[in-house]
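For reference, the structure discussed in these notes is given below.
Quick note: numbers below take in every heavy atom, side chains included, and nothing from hydrogens, waters or symmetry partners. Every chain is numbered from 1, with letters handed out A, B, ... down the list of sequences.
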2 protein chains.
Amino acid sequence: MSSMATMPDETAVFGEPKYWQLRTSLLKAIDEDFNSGDILPNERDLAARFGVARATLRHALEQLELEGRLVRKRGAGTTVAGPRVDVSLGADGEGWPGVDLRDREVIDCATVPVTDEFADTLKGRPSALVHRLRRRQFSMRQVVGLECLYVSRAVVPSLSTRVPNFERASLMLRQLRGHRLEGRHRAVELAVAEAEEARYLERPPGTAVLVVTTTYTALGRTAAVTVATYRADTCRLAFAEAGPTALRPAS
Amino acid sequence: MSSMATMPDETAVFGEPKYWQLRTSLLKAIDEDFNSGDILPNERDLAARFGVARATLRHALEQLELEGRLVRKRGAGTTVAGPRVDVSLGADGEGWPGVDLRDREVIDCATVPVTDEFADTLKGRPSALVHRLRRRQFSMRQVVGLECLYVSRAVVPSLSTRVPNFERASLMLRQLRGHRLEGRHRAVELAVAEAEEARYLERPPGTAVLVVTTTYTALGRTAAVTVATYRADTCRLAFAEAGPTALRPAS
DNA sequence: CAGTGGTCTAGACCACCAA
DNA sequence: TGGTGGTCTAGACCACTGA
């Protein structure tokens with residue numbers, strides 16, 4: 001965990017930018033000579049060792065951080081990341097969003113005006129109200145994601161006030177599960193965390209995140225929508241498609 | 001599409017880095033004053049207009065490109081991106097990987113030694129052989145992804161040689177579908193495109209991609225694995241979960 | 001060929017963390 | 001308080017595109 005060769009790297013391809021060759025060298029080094037949690041030399045030393053400007057070295061480190069191979073912390077240092085965490089999306093999710101509260105922390109649960117982006121999918125009527133439950137999701141004591149559930153008042157008329165957030169959330173989810181789920185649709189895309197979102201994920205703004213948007217249908221309409229945001233560097237989204245019985249014969 | 005205000009931006013938050021405020025300003029501008037395909041002023045002009053160094057402006061543009069809001073082309077210019085393309089993962093995929101060849105182009109189909117990463121999942125025995133089919137996926141005449149399917153020789157003993165790639169692929173897929181699919185597992189994660197991958201996707205190395213790994217079970221074993229790579233900037237992965245019948249009652 | 005984005009440098013200062 | 005990563009600058013040169 002100390003050597004870290006500096007040779008021009010026999011595998012270097014001319015015509016490829018320096019920062020990319022550098023990334024490749026570093027990747028090889030952390031695979032071979034380092035373990036999860038090991039601390040890398042600081043950026044100024046590394047840059048000097050490879051004979052490049054600090055900015056060039058940083059470009060390489062940024063790539064590796066995006067790939068989830070490094071963790072950089074301001075003021076502290078750069079360490080080798082552990083393997084990605086599997087976030088299961090389908091185990092309890094064969095139906096309505098999880099009431100299952102393990103590894104979940106309620107941030108708040110309230111009735112709010114719909115955001116523009118959901119005005120059409122959720123209710124149509126602008127300036128209407130919806131219930132919003134925000135939760136933080138953990139895995140191995142680590143924050144991995146932020147989940148925001150919007151529920152139409154057509155399926156859950158009103159929220160009990162005067163009870164703590166946590167109970168209000170439980171009651172809402174119970175009412176939701178009272179309905180028969182008629183359909184579900186999911187989409188995954190890449191985004192970057194805005195300021196507030198980033199704070200909840202304990203990351204700087206601009207961090208790459210995987211956004212999972214799930215639409216739930218009940219009573220012949222869109223009953224709820226969840227927007228779940230996961231740290232792209234540390235998470236792998238696992239869609240466990242239950243057992244054999246869930247699969248249909250090829251058409 | 002011409003103005004692009006330069007004011008310090010009344011919404012600017014002190015304490016936030018310049019490049020982030022800049023990103024916010026630019027995002028607002030492209031939402032309000034630009035349409036898909038519009039060309040932005042060049043980087044040197046933009047930097048001057050906002051009174052920052054070119055590197056700082058570029059930092060902001062990089063964020064917006066990662067978010068899929070801008071398309072930058074070396075030598076050409078920077079344009080405003082269109083909406084993301086929905087890539088359906090589940091329509092034909094309720095079972096084996098698609099034989100459906102619309103919007104798919106066969107790159108090659110051959111029997112090759114297993115890669116280390118699949119040695120355990122696919123066959124266990126090192127230096128064993130598997131069949132590999134590589135295809136490029138299009139949507140709206142645009143390259144959106146690269147699909148690599150590995151098939152164990154336990155389910156498809158041998159490939160017909162002496163026929164074109166395309167036919168060889170068809171025959172292999174037909175044999176695959178002959179088996180009863182017993183289970184499937186999917187995972188999605190973020191990665192960056194390596195050199196070769198990047199070429200197929202018509203992007204520079206280091207481009208962010210969404211990797212979908214699907215494992216197929218048949219004959220009581222892992223029969224096949226596909227690794228599909230999609231451009232993270234232009235794609236949204238849609239998991240259409242068929243109709244109501246596919247859903248089970250809440251347990 | 002002129003103009004664009006892409007790479008790289010050398011240096012400065014700042015914000016943060018841990019000892 | 002010293003060392004870390006984060007931000008920003010000003011300038012240079014290169015690789016590519018399109019007229």
Side-chain angles (χ1 to χ4, degrees), chain A residues 8 12-24 26 37-66 69-81 192-193 195 198-199 202-207 233, chain B residues 8 12-24 26 37-66 69-81 192-193 195 198-199 202-207 233:
Chain A
V13 180
F14 287 111
E16 271 190 345
K18 258 189 208 172
Y19 78 87
W20 188 255
Q21 299 175 22
L22 207 45
R23 166 202 169 264
T24 307
L26 289 168
D38 283 356
I39 303 174
L40 254 59
N42 74 56
E43 299 185 348
R44 290 163 179 86
D45 283 355
L46 273 181
R49 225 187 284 196
F50 284 97
V52 299
R54 194 178 152 215
T56 305
L57 175 85
R58 279 182 58 81
H59 198 162
L61 295 183
E62 276 154 22
Q63 290 281 342
L64 291 168
E65 187 177 37
L66 185 66
R69 303 302 306 263
L70 293 179
V71 180
R72 299 150 90 200
K73 263 182 80 176
R74 184 197 202 103
T78 301
T79 58
V80 176
V192 304
R199 267 198 310 279
E202 297 171 357
R203 294 260 70 199
T207 304
D233 56 346
Chain B
V13 179
F14 288 111
E16 270 189 349
K18 259 190 207 171
Y19 77 88
W20 188 255
Q21 299 175 22
L22 207 46
R23 167 205 168 263
T24 307
L26 289 168
D38 285 355
I39 303 174
L40 253 59
N42 74 57
E43 298 183 349
R44 289 163 180 86
D45 283 356
L46 273 181
R49 224 187 286 196
F50 284 98
V52 298
R54 195 180 151 213
T56 305
L57 174 85
R58 281 181 57 80
H59 198 162
L61 295 184
E62 276 153 23
Q63 290 280 344
L64 292 168
E65 187 177 37
L66 184 66
R69 303 302 305 262
L70 293 180
V71 179
R72 297 150 92 201
K73 260 182 81 177
R74 182 196 203 107
T78 301
T79 59
V80 175
V192 304
R199 267 198 310 280
E202 297 172 356
R203 294 261 71 200
T207 305
D233 55 345

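Using a 4.5 Å heavy-atom cutoff, the side chains of Gln63(A) and Trp20(A) are in contact.
Phosphate contact (OP1/OP2 of dT4(C), side-chain N/O of Thr78(B), threshold under 4.0 Å): absent. Put simply, Asn42(A) has no side-chain N or O that comes within less than 4.0 Å of OP1 or OP2 on dG3(D). Proximity of Lys18(A) to the phosphate of dT9(C): a side-chain N or O atom is located under 4.0 Å from OP1 or OP2. OP1 or OP2 of dT7(C) lies within a sub-4.0 Å distance of a side-chain N or O belonging to Tyr19(A).
Taking every heavy atom of residues 54-63 of chain B and every atom of DNA chain C, pairs under 4.0 Å involve Arg54(B), Arg58(B), by number.
Looking at which nucleotide of DNA chain C each of Gly75(A) and Lys73(B) is closest to, the 5′-most match is held by Lys73(B).
Between the C1' atom of dG3(D) and the CG atom of Leu46(A) lies a distance of 15 Å, rounded to the nearest Å. Atom CD in Glu43(B) sits about 14 Å away from atom C1' in dC16(D), given to the nearest Å. Between Arg72(B) atom CZ and dT17(D) atom P there is a gap of 16 Å when expressed in whole angstrom units. dG3(D) atom C1' lies 16 Å from atom CG of Leu40(A), rounded to whole Å. In this structure, CZ of Phe50(A) is placed 13 Å from P of dT9(C), rounded to the nearest angstrom. Note: CD (Glu16(B)) to P (dC16(C)) measures 13 Å, nearest angstrom. Counting to the nearest Å, the P atom of dA18(C) and the CD1 atom of Ile39(A) are 11 Å from each other.
The side chain of Arg44(A) sits closest to dC13(C) out of dC8(C), dG5(C), dC13(C).
Taking all atoms of both residues into account, the shortest heavy-atom contact from Leu46(B) to Pro41(B) is CD1-O, 3.7 Å. Looking at every heavy atom in both residues, Arg72(A) comes nearest to Arg203(A) through O-NH2, 3.8 Å. Residues Ala47(B) and Leu57(B) approach most closely at N-CD2, 3.9 Å, considering heavy atoms. Summarising the geometry of Ala81(B) relative to Leu70(B), their closest heavy-atom pair is CB-N, 4.0 Å, with the distance given to 0.1 Å. Across all their heavy atoms, Val80(A) and Leu40(A) have their closest contact at CG2-CD1, 3.7 Å.
Residue-to-nucleotide contacts include no donor-acceptor pair under 3.5 Å from the side chain of Arg74(A) to the base of dG3(D).
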Inset, instruction - Given side chain to side chain contact (heavy atoms under 4.5 Å, CB included), test Phe50(B) with Thr56(B) step by step and report yes or no. - result: CA-CA 10 Å; Phe50(B) 284 98; Thr56(B) 305; over 6 Å; no
